[in-house]
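Worksheet: one structure, shown below.
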Amino acid sequence: MMKAMDSSVAVATRTDFTKCKVAYPLGGIKRDAFRTKSGKKLSEKQWAVYDYVRKIPCGKVTTYKHVCLALGFGSPRSVGAAMRNNPFAPFVPCHRVVASNFYIGGFFGEWGSTKEDGSAGQQCKRKLDMLTQEGVTFTNNGYLSDPEAFIWKE
DNA sequence: ACTATGACAGTAA
DNA sequence: ATTACTGCCATAG
């Protein structure tokens with residue numbers, strides 16, 4: 001068990017995204033400079049979520065539920081809220097987080113919709129494309145095709 | 001300080 | 001498998 005609350009340090013030693021150009025504050029005072037969409041400072045809990053999600057490797061996905069359990073606080077719903085406010089998308093790979101029942105989940109504020117005609121849920125379609133590009137496949141129903149293979153296991 | 005609102009999840013029908 | 005309803009907890013207003 002690690003003490004997840006102390007998000008000011010941590011994580012950051014992973015190398016998964018070292019080649020990304022986007023600046024992501026790994027900790028300390030620099031994080032105070034970032035604001036949420038509504039102009040508020042990002043909370044420690046939000047940072048904790050971003051730090052965790054950032055570790056999900058390409059080709060794998062996890063669930064909202066798993067994130068809050070791993071962090072040791074919050075709820076799946078609050079995790080979703082953090083994602084929604086994610087100012088680092090798509091650097092923080094929020095597209096690699098799906099619902100607990102392996103449903104595609106949401107993206108950029110839109111939930112679900114697997115309509116193939118694209119009548120709704122354009123953002124989710126995009127999420128689907130990104131994951132497909134990473135090798136993660138879904139059924140035409142909108143559910144993860146092979147959870148055993150694609151769910152990220154630490 | 002308080003109420004409303006979600007990128008969820010568990011349960012029941 | 002899908003819908004409906006309820007608990008959840010962190011933000012937004």
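Chain letters run A, B, ... following the sequence lines, proteins first and then strands; every chain starts at 1. These numbers were taken from a predicted model, which means no experiment stands behind them.
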**Report entry** Contact pattern, 5' to 3', of nucleotides 3-13 of chain C - B, S or - by protein heavy atom under 4.0 Å
**Finding:** ----BBSSSSS
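Computed from coordinates, the A:Trp111 CH2 to C:dT2 P distance equals 14 Å when rounded to whole Å. Distance, A:Tyr64 OH to B:dG10 C1': 17 Å, rounded to whole Å. The NZ-P distance, from A:Lys65 to B:dG6, rounds to 24 Å in whole Å. Taking atom OH on A:Tyr103 and atom P on B:dA9, their separation rounds to 13 Å, with Å as the unit. Per the geometry, CE belonging to A:Met83 stands 24 Å off P belonging to B:dT5, to the nearest Å.
Note that the SG atom of A:Cys94 and the CG atom of A:Asn86 stand 4.5 Å from one another [nearest 0.5 Å].
Counting only N and O atoms by type, the side chains of A:Asn85 and A:Tyr50 include no donor and acceptor under 3.5 Å apart.
A:Met130 and A:Val97 are not part of a single hydrophobic cluster, where members link through side-chain heavy atoms under 4.5 Å apart.
Relative to the six-membered ring of A:Trp152, A:Arg96 misses at least one condition, a distance below 6.0 Å or an angle of at most 45° to the axis.
Looking at heavy-atom distances under 4.0 Å, A:Cys68 makes no contact with the nucleic acid at all.
The side-chain heavy atoms of A:Pro87 and A:Phe34, taken from C-beta on, include no pair separated by under 4.5 Å.
Side-chain N/O atoms of A:Asn101 include none lying less than 4.0 angstrom from OP1 or OP2 on C:dT2.
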Query raised in the report: side chain to side chain contact (heavy atoms under 4.5 Å, CB included) between A:Val61 and A:Phe102: does it pass, once the steps are laid out?
Result: CA-CA 10 Å; A:Val61 297; A:Phe102 307 129; over 6 Å; no
